[in-house]
Peer 1: 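I have a structure I would like to understand better, so I am pasting it below and will then ask my questions one at a time.
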Amino acid sequence: MAGVTGPEGANAADAAETPFDAGERLAWAGRADAFAAGFGRLCAYTVPRLLDAAGVTEGTRALDAGTGTGTAAAAACARGARVTAVDAEPDMVRSAATAAPGAVVRLAALPHLPFPDGQLSLPHTALLASGRVAG
């Protein structure tokens, strides 16, 4: 299990710095189960096509930015991808870590990701950006 990681004392305020991120965190705070049962289920059917389009296969280093409840991260892990998933809302991070135990799941938000330059190089990373789009 890769699990949830993050900076010591990480909280939602550390994860996002833009007004959009703050609004998303507020809107989804504590609502991961409702998201998974509603919008997440509605959009989950697109995940296989999303992964196909992104070329996610065994060994792909995939970044799932805005992972939500981890549907795309879990599907990418099932294909053998090495997945890092991030979300700005702590409840979503916990749900994603449960859904995708093989992924590294972090509390973070675009554009300020907590990774050193070169760790997620474009030719080897599928930017899934699935959070509120693909569940």
Side-chain angles (χ1 to χ4, degrees):
M1 175 172 163
V4 179
T5 62
E8 268 316 294
N11 61 46
D14 296 331
E17 299 175 16
T18 69
F20 175 81
D21 292 325
E24 283 289 293
R25 269 196 330 275
L26 182 62
W28 293 109
R31 294 184 175 95
D33 289 342
F35 175 86
F39 192 68
R41 283 184 63 198
L42 175 68
C43 296
Y45 78 93
T46 64
V47 170
R49 290 186 183 124
L50 174 70
L51 298 178
D52 289 345
V56 176
T57 60
E58 187 170 347
T60 300
R61 292 189 305 173
L63 171 64
D64 186 357
T67 192
T69 54
T71 302
C77 284
R79 291 182 177 208
R82 296 177 300 165
V83 178
T84 299
V86 299
D87 202 279
E89 204 291 304
D91 197 38
M92 295 289 188
V93 170
R94 286 186 289 277
S95 292
T98 299
V104 173
V105 182
R106 305 230 9 211
L107 182 67
L110 294 172
H112 306 288
L113 296 178
F115 307 112
D117 288 346
Q119 181 175 342
L120 300 168
S121 60
L122 186 57
H124 300 102
T125 302
L127 178 58
L128 303 179
S130 67
R132 308 312 179 258
V133 176

Peer 1: Do you know the tightest heavy-atom contact between Gly68 and Ala96?
Peer 2: O-CB, 3.6 Å
Peer 1: With rounding to the nearest 0.5 Å, note down the distance linking OG1 in Thr67 to CE in Met92.
Peer 2: 10.0 Å
Peer 1: Ala100 and Gly70: which non-hydrogen atoms are nearest, and at how many Å?
Peer 2: CB-O, 4.4 Å
Peer 1: In Å, rounded to the nearest 0.5 Å, how long is the span from OG1 of Thr46 to CG of Asp52?
Peer 2: 11.5 Å
Peer 1: Is Asp91 salt-bridged to Arg94, going by a charged N under 4.0 Å from an acidic O?
Peer 2: yes
Peer 1: Measure the CG-CG distance between Asp64 and Leu51 for me, rounded to the nearest 0.5 Å.
Peer 2: 8.5 Å
Peer 1: Which heavy atom of Ala99 sits nearest to which heavy atom of Thr69, and what is that distance?
Peer 2: CB-O, 3.3 Å
Peer 1: Please evaluate residues Arg61 and Val56 with respect to the criterion side-chain contact (heavy atoms from CB on, under 4.5 Å), reporting the C-alpha separation (whole Å), side-chain torsions for both, the decisive distance (0.1 Å), and the verdict.
Peer 2: CA-CA 8 Å; Arg61 292 189 305 173; Val56 176; over 6 Å; no
Peer 1: How many angstroms lie between CZ in Arg106 and CG in Asp87, if you round to the nearest 0.5 Å?
Peer 2: 13.5 Å
